[in-house]
Amino acid sequence: MPELPEVETIRQDLRRKILDKQIIDVQILNKKTVQNEEGKFLRILTNNRIKEIDRVGKLLIFELNRKNFLLAHLKMTGQLIYVKDKPFGLAQGREITAGGHSERNTDLNLPHKHTRVIITFEDNAKLYFNDLRLFGYMKIVGEKDKEKIKLAFGIEPLTKNFTLSNFENIFKNRKTSLKAILLNQQLIAGLGNIYADEVCFAAGVNPFKPANELKKPEIKKLFLEIQKVLKQAILSRGTTFNNYVDSDGNKGNYLEHLKVYGRADEPCAKCKVGLKRRKLGGRSTVFCSICQK
DNA sequence: CCTTGTGTTCTCCG
DNA sequence: CCGGAGAACACAAG
């Protein structure tokens, strides 16, 4: 479940690894993952270079030469794993030394049965797009389409465009629940089920509360907590609940910071009363009925 | 049965 | 009957 902090972690790491390197080979192992005609995808990528890596919400945008853009969305179970050229005699990826704080949970004997696309660079390093459930995708688009897609997203919460007044406007004249607002990518980009629940708890607001019933101080608290939670999650390199790993195959460290997500029936961190779990828009939602009004 | 991100489709209301 | 909002569904696999 990569959300903004996880996708941002991948973006920052990959920027240092693959920028400006020539792509010498591309393999499509599962056609469903690539949303272009196969020949076009291979033709545009091969011999091209990634000039910059951008992100909007949970979507990665690799800027290529000649005004082409490779979009990559991980959806629920996608991974982008970078592996340097293997020293002779060692299995791919096994040379990485121990000692990191993070725990490796990915079989780095790549490719494996969930590898869908492999991009090879001039130094024989490889970028693997793995995806167990086949929801994720890669797609090459031109500049016009790229801009159109970016415009469809709402405010980026960690940019200067995210102002209290912009945020307040989102709540006006809307009857839907607070959490539905937070999850709506066309309003605010990047929050998913984990961070939406965490932000509601941190702000002390009930996720089921209708948007137009929120008071100004509640909106302000949400505004501040969105930024605080996302920044801390990025510093922790994201949350690994099930499937997520960074581009080195390492887990994120934010799991231990989660106060509500995945903690139904556990005591609330603030008041010690058992956390509740209810469905909201088909999504599991965990909250404290005492601390979140 | 459960898990979730997002695009599409359906329904409701003024 | 139109527009928009919001809810429901579809998808995928383990």
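All figures in this text were calculated on a predicted structure; none of them were measured in a lab. Numbers restart at 1 for each chain; the letters A, B, ... are given by sequence-line order, proteins then strands.
Between the axis at the start and the axis at the end of the helix from B/dC2-C/dG14 to B/dG14-C/dC2 there is an angle of 40°, using five pairs per end and rounding to 10 degrees.
Nearest-nucleotide mapping onto DNA chain C: of A/L134 and A/S177, the residue sitting toward the 5' end is A/S177. Comparing A/R133 and A/F153 by the nucleotide of DNA chain B whose heavy atom lies nearest to each, the residue mapping closer to the 5' end is A/R133.
Atom CZ in A/R283 sits about 11 Å away from atom C1' in C/dC11, given to the nearest Å. Atoms CG (A/L187) and P (C/dG4) sit 15 Å apart, rounded to a whole Å. Taking atom CG of A/L132 as the reference point, atom P of C/dC11 lies 19 Å away to the nearest angstrom. Distance A/N242 CG to C/dA13 P: 17 Å, rounded to the nearest Å. Whole-Å rounding puts the A/M76 CE to C/dA13 P distance at 12 Å.
Here A/F241 lies out of heavy-atom contact (under 4.0 Å) with every strand. Using a 4.0 Å heavy-atom criterion, one finds that A/R277 contacts the sugar-phosphate atoms exclusively. Residue contacts for A/K279: at a heavy-atom cut-off of 4.0 Å it reaches the sugar-phosphate backbone alone, with no base atom in range. In this structure, A/S284 reaches the sugar-phosphate backbone alone: every heavy-atom distance under 4.0 Å involves primed, P, OP1 or OP2 atoms, never a base.
Between the side chain of A/Q227 and the main chain of A/F223, a donor-acceptor pair closer than 3.5 Å is present.
In this model, a donor atom of one side chain and an acceptor atom of the other lie less than 3.5 Å apart for A/N169 and A/K172. Between the side chains of A/S284 and A/K279, no donor-acceptor pair of N or O atoms lies under 3.5 Å. Of the N and O atoms on the side chains of A/N193 and A/K179, at least one donor lies less than 3.5 Å from an acceptor on the other residue. If you check the side chains of A/D246 and A/T9, you find no donor sitting under 3.5 Å from an acceptor.
A side-chain contact (heavy atoms from CB on, under 4.5 Å) with A/L45 holds for exactly one of A/I119, A/N36, A/V117; it is A/I119.
Here chain A contacts DNA chain B (any atom closer than 4.0 Å to a heavy atom, that is under 4.0 Å), and the contacts span B/dT3 to B/dT6 from 5' to 3'.
Listed by first then second residue, pairs satisfying ring-ring contact (aromatic ring centres under 6.0 Å, His included) with a partner in residues 189-214 of chain A read A/Y195-A/Y254, A/F208-A/F287, not counting sequence neighbours.
A salt bridge links A/E8 to A/R11: at least one charged side-chain nitrogen sits closer than 4.0 Å to a carboxylate oxygen.
For A/F69 and A/F62, the distance between ring centers is not under 6.0 angstrom.
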